There are 2 protein chains.
Amino acid sequence: MFMSTSVLLVYMSEPDSQRTVNATQTSVSVLEALAEADDTVGVTELANRLSIPKSTAYKHLNTLYEVGFVNKTGRKYELGLRLADLGERARATDPLYRTARPHIDQLVSVTDQPAGLVIEHEGLAVDLYRTTPARQIQVQLPNSRYLHCSAPGKAILASLSSERVMEILDETGLPQKTDRTLSDRSALREKLDRIDERGIAFERGEQRPSRRAVAVPITQNGSVLGAVYVAGTSDRLKSKRFEEDLPGILISTVKRFLPDL
Amino acid sequence: MFMSTSVLLVYMSEPDSQRTVNATQTSVSVLEALAEADDTVGVTELANRLSIPKSTAYKHLNTLYEVGFVNKTGRKYELGLRLADLGERARATDPLYRTARPHIDQLVSVTDQPAGLVIEHEGLAVDLYRTTPARQIQVQLPNSRYLHCSAPGKAILASLSSERVMEILDETGLPQKTDRTLSDRSALREKLDRIDERGIAFERGEQRPSRRAVAVPITQNGSVLGAVYVAGTSDRLKSKRFEEDLPGILISTVKRFLPDL
DNA sequence: AACATTGTTTATGTGTGATGAACGACACCA
DNA sequence: TGGTGTCGTTCATCACACATAAACAATGTT
């Protein structure tokens with residue numbers, strides 16, 4: 001007849017609360033929420049998304065604002081440019097970024113399409129580098145962080161062991177971003193096997209309705225380091241160009257810089 | 001007879017300790033310390049630099065590691081690649097970055113030298129974008145965050161009001177990075193005036209002995225948005241090329257994209 | 001002008017971050 | 001092999017600062 005009125009908050013899933021700073025984690029989750037948002041967000045909206053009190057959200061946003069990690073225009077927040085600085089420094093020494101980057105730039109000028117480099121971190125995608133053709137006007141929307149619904153994500157998943165893939169899916173789940181998203185595990189597994197055979201992953205409106213992409217994994221003696229992709233709208237990426245030309249270009253691009261790693 | 005035995009901790013210098021999260025601030029300062037370090041650092045070393053206990057440094061590093069904000073190789077830490085992801089997203093919508101970037105890329109291919117885009121935030125430099133020639137082998141060392149000792153920093157300072165410059169110098173000081181660093185205010189002020197006249201700032205070993213750079217401010221109806229720079233070693237950047245050619249190229253580059261802002 | 005919705009501030013207790021000291025893991029050298 | 005120094009990790013403790021709800025102010029909306 002009870003369990004009283006209060007809910008039993010079981011924080012026990014994270015046993016090492018002794019070795020981590022909780023406040024920092026929530027600040028980071030604030031940043032992540034801002035990163036996922038396609039637009040600027042206010043205090044209340046962000047608090048709702050994270051299921052934390054308004055006052056908490058406010059305090060963290062304010063703190064992050066003062067250090068330049070978030071930007072405030074009026075009463076709306078977005079990621080701050082200090083992060084771009086830190087990001088530049090972070091990848092400056094990364095060997096994969098350093099060798100792959102010029103080839104990705106070349107890829108962009110050859111295909112006249114946005115392209116980028118993605119790696120995996122704890123089951124989620126990390127955009128290491130992204131770029132667009134110079135005259136591209138529209139804003140390039142960021143990749144979803146879920147691996148199962150993007151071309152580079154699937155390319156990476158396909159190069160991992162089945163066990164690791166299951167682990168990742170257990171952790172992250174398979175959110176259905178669009179009606180084309182593969183949210184069934186066995187269907188995904190089958191796709192991944194085909195990707196692994198060909199060495200090419202396609203994305204057809206699986207994370208955004210009108211977006212398409214092609215990606216190839218970067219593998220070095222058995223393990224996958226990341227994936228290179230070319231993206232675009234479905235009206236520009238179709239038929240032979242999408243199915244054959246871009247895959248060929250991508251494969252040869254990766255083949256070209258792989259020895260340098 | 002009282003105020004008891006305890007010390008009155010006067011945190012009052014930061015009056016808004018009610019509106020900010022202390023733990024987040026220290027986590028951020030950990031990131032900043034890692035950013036400033038030219039190499040990977042261990043727990044003890046970082047604790048010393050920040051004058052905080054080892055155990056505190058450990059806990060923050062561990063927290064930041066678990067969220068991918070720092071990287072751990074053995075027992076050494078450095079900035080993590082998640083920051084590159086967030087940085088990409090942060091600047092993706094920034095108008096200055098979006099318009100300036102292709103021109104900076106072109107600048108690199110024309111000059112065959114590293115180049116970048118810097119903005120100012122709370123009196124310190126923020127590297128919004130940096131890039132190097134494709135075949136460049138050596139790692140590009142990051143700019144100092146202090147404005148007074150770098151070409152882009154001085155270009156920005158020169159475009160600010162004297163009062164604002166004084167404010168900044170009061171906050172940040174004028175650390176002497178090398179023996180050529182201008183650490184005297186009046187000498188700096190004089191330099192800034194000359195920079196403002198010509199619209200060009202030079203850097204001759206003021207933040208690193210062998211480094212040189214040229215920078216021009218990006219100004220729009222009176223206010224400065226940032227600065228574009230070209231950098232290199234003193235043996236490659238000298239005489240006419242350094243004194244005249246690069247300045248000319250930089251000025252025309254900025255002039256070219258300024259109307260687009 | 002009444003209302004709804006947002007951001008900001010305040011007051012409170014309790015969890016937790018900061019801390020120093022103890023512990024363990026290594027490396028180096030005698 | 002044992003000794004010494006240095007490092008990272010864990011532990012125990014306590015003040016206090018984070019998280020929270022609720023009140024307040026500032027918006028925007030009807």
Side-chain angles (χ1 to χ4, degrees), chain A residues 4-31 33-34 37 39-67 70-78, chain B residues 2-31 33-34 37 39-67 70-78:
Chain A
S4 182
T5 58
S6 73
V7 180
L8 186 66
L9 280 189
V10 186
Y11 262 51
M12 304 309 174
S13 55
E14 288 285 349
D16 43 17
S17 66
Q18 289 291 341
R19 325 198 310 176
T20 56
V21 182
N22 210 318
T24 296
Q25 284 175 325
T26 59
S27 274
V28 169
S29 68
V30 165
L31 291 176
L34 289 176
D39 196 7
T40 60
V41 297
V43 173
T44 306
E45 187 181 350
L46 190 116
N48 290 337
R49 292 199 192 186
L50 294 173
S51 309
I52 58 176
K54 276 195 306 179
S55 46
T56 303
Y58 172 77
K59 228 157 71 153
H60 281 270
L61 281 171
N62 196 41
T63 309
L64 292 168
Y65 171 66
E66 291 202 347
V67 297
V70 308
N71 203 337
K72 187 192 204 171
T73 24
R75 40 177 47 180
K76 295 293 187 179
Y77 295 87
E78 63 191 336
Chain B
F2 42 36
M3 195 160 270
S4 181
T5 57
S6 72
V7 180
L8 187 66
L9 280 190
V10 187
Y11 263 54
M12 304 309 173
S13 55
E14 288 285 347
D16 41 19
S17 67
Q18 290 291 343
R19 325 197 311 176
T20 56
V21 182
N22 209 317
T24 296
Q25 285 175 325
T26 59
S27 275
V28 169
S29 68
V30 166
L31 290 176
L34 289 176
D39 196 7
T40 60
V41 297
V43 173
T44 306
E45 187 182 351
L46 189 115
N48 290 338
R49 292 199 192 185
L50 293 173
S51 310
I52 59 177
K54 277 197 303 180
S55 46
T56 302
Y58 172 77
K59 229 161 62 157
H60 281 270
L61 281 171
N62 197 42
T63 309
L64 292 168
Y65 171 66
E66 290 200 348
V67 297
V70 308
N71 203 337
K72 186 192 202 171
T73 24
R75 40 178 48 182
K76 295 292 187 179
Y77 295 87
E78 63 190 335

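Since the model is a prediction, treat every value here as computed from it, not as a measurement. Letters A, B, ... are given to chains in the order of the sequence lines, protein chains preceding strands, and every chain is numbered from 1.
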Over all atoms of both residues, closest heavy-atom pair of B:Glu66 and A:Gln25:
OE1-NE2, 4.3 Å
Taking only residues two or more places apart in sequence or in another chain, which ones pass side-chain contact (heavy atoms from CB on, under 4.5 Å) with A:Thr40?
A:Lys76, A:Glu78
Interatomic distance where CD belongs to A:Glu45 and P belongs to C:dT8 [whole Å]:
15 Å
Which angle, to the nearest 10 degrees, lies between the helix axes at the two ends of the helix from C:dA1-D:dT30 to C:dC23-D:dG8, each defined by five pairs?
60°
Touch class at under 4.0 angstrom, heavy-atom based, for B:Lys72 against every strand present:
sugar-phosphate
Taking OP1 and OP2 of C:dT16, is either one under 4.0 Å from a side-chain nitrogen or oxygen of A:Asn22?
yes
What one should report as the nearest heavy-atom pair of B:Ala23 and A:Thr24 is O-OG1, 3.7 Å
Quick check for you: among C:dG7, D:dA19, D:dT9, whose closest atom lies nearest to any side-chain atom of A:Lys59?
D:dA19
Nearest heavy-atom approach of A:Leu50 to A:Ser29 is CD2-O, 3.8 Å
I need the full list of salt bridge (charged side-chain N to carboxylate O under 4.0 Å, His left out) pairs touching residues 41-53 of chain B, with sequence neighbours left out, sorted by first then second residue.
B:Glu45-B:Arg49
Tell me, please, which residues at least two apart from A:Val43 pass side-chain contact (heavy atoms from CB on, under 4.5 Å).
A:Ala57, A:Tyr58, A:Leu61, A:Tyr77
Phosphate oxygens OP1/OP2 of D:dT10: is one of them under 4.0 Å from a side-chain N or O of A:Arg19?
yes
Any idea which of C:dT9, C:dA18, D:dC7 is nearest the A:Tyr58 side chain?
C:dT9
With sequence neighbours left out, write down each residue that passes side chain to side chain donor-acceptor pair (under 3.5 Å) with A:Thr26, or none if nothing qualifies.
A:His60
Without decimals, in angstroms, what is the distance between A:Asn62 CG and D:dA19 C1'?
16 Å
The residue, A:Gly42 or A:Ala23, whose nearest nucleotide of DNA chain C is more 5′ is A:Gly42
Quickly work out the A:Tyr65 OH to C:dT8 P distance and round it to whole Å.
11 Å
Not counting sequence neighbours, which residues clear side chain to side chain donor-acceptor pair (under 3.5 Å) with B:Thr63? List them please.
none
Given DNA chain D, 5'-ward residue of the pair A:Thr26 and B:Arg75, judged by closest heavy atom:
B:Arg75
Sorted by chain and number, sequence neighbours left out, side chain to side chain donor-acceptor pair (under 3.5 Å) with B:Thr56 holds for none
What residues in residues 46-57 of chain B put a non-hydrogen atom under 4.0 Å from any atom of DNA chain C?
B:Pro53, B:Ser55, B:Thr56
Under 4.0 Å: is that the gap between some side-chain N or O of B:His60 and OP1 or OP2 of C:dA18?
yes
Proximity to the side chain of A:Val21 - top-ranked nucleotide from D:dA19, C:dA18, C:dG7
C:dA18
Rounded interatomic separation in angstrom, taking CD from B:Gln25 and P from C:dG17:
15 Å
